[in-house]
Amino acid sequence: MKVRLCTLAVSAVSVLALALGGCDGGGGGGGSEGGAPPQQVAKRVKPNPFQEKLLALNERDRMLTLMRAVQDDAGQCPRISGSTYQQDYQNMAMWVAHCSNRDWAVYISPSGIVQVRACNEAKQLGLPECAASPAKS
């Protein structure tokens, strides 16, 4: 099994920063986080300014930003049909980019480093499995 650790220091961060910097803060909305009553004090998570900026983008700009992140990491994403925020994983925001050829997991760290993995390889790499792409009507 070949595990490739890639960090996109300049290229993806620059694209992400440019894409996020030119935005007007588009609508977005906070999601409600329901769950079990707190039994323990939750571990404090480091703020992720790149995640916050990505959430502030409109859907089109967010999809294009994630598509570019996949392409900058040598992935193939000819056309993107949607994107989904899935969860936080090891202090990184995990997004799923639904491309025409496959789904990609895009991990964004608080420092702006982006890592991309093919969703069909997640289980064998010990990463969270990607949620299925939403059905279009």
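If you're wondering where the values come from, they're calculated on a predicted model, not measured in any experiment. Numbers for residues simply follow the sequence, beginning at 1.
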Peer 1: For Q71 and C77, indicate whether the former's side chain and the latter's backbone hold a donor-acceptor pair under 3.5 Å.
Peer 2: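 A pair under 3.5 Å: yes.
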Peer 1: Out of curiosity, N101 CG to I80 CD1, how far, rounded to the nearest 0.5 Å?
Peer 2: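 Interatomic distance, N101 CG to I80 CD1, rounded to 0.5 Å: 10.5 Å.
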Peer 1: Within this structure, what is the OG-CZ distance for the pair S109 and F50, rounded to the nearest 0.5 Å?
Peer 2: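 Atom-to-atom, S109:OG and F50:CZ are 7.5 Å apart.
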Peer 1: Just jot down the side-chain contact (heavy atoms from CB on, under 4.5 Å) partners of R60, sequence neighbours excluded, or say none.
Peer 2: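 R60: side-chain contact (heavy atoms from CB on, under 4.5 Å) contacts with N58, L64.
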Peer 1: Quick check: do Y107 and Q90 have side-chain heavy atoms less than 4.5 Å from each other?
Peer 2: no
Peer 1: Measure the spacing between CD of Q51 and CE of M92 and express it to the nearest 0.5 Å.
Peer 2: 12.0 Å
Peer 1: Would a 4.5 Å heavy-atom cut-off, applied to side chains only, mark D73 and R117 as touching?
Peer 2: yes
Peer 1: To the nearest 0.5 Å, tell me how far I108 CD1 sits from N91 CG.
Peer 2: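 Answer rounded to 0.5 Å: 12.5 Å.
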Peer 1: Enumerate the ring pair (Phe, Tyr, Trp, His ring centres under 6.0 Å) contacts for residues 63-88, please, sequence neighbours excluded, ordered by first and then second residue.
Peer 2: Y85-W95
Peer 1: Just by distance, do the side chain of E121 and the backbone of L127 share a donor-acceptor pair under 3.5 Å?
Peer 2: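 No: the side chain of E121 does not pair with the backbone of L127.
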Peer 1: Grab the two heavy atoms, one from A93 and one from D88, that are nearest each other, plus how far apart they are.
Peer 2: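 Nearest pair, atom of A93 first, then D88: CA-OD1, 3.7 Å.
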Peer 1: Are any of the side-chain heavy atoms of S83 and E59 separated by less than 4.5 Å?
Peer 2: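 Of all side-chain heavy-atom pairs linking E59 with S83, at least one is under 4.5 Å.
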Peer 1: Are the side chains of C99 and Q76 in contact, using a 4.5 Å heavy-atom criterion?
Peer 2: no
Peer 1: Any donor-acceptor pair under 3.5 Å linking the side chain of R79 with the backbone of S100?
Peer 2: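 No.
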Peer 1: Let me confirm one number: the CE-OG distance from M67 to S81, rounded to the nearest 0.5 Å.
Peer 2: 11.5 Å
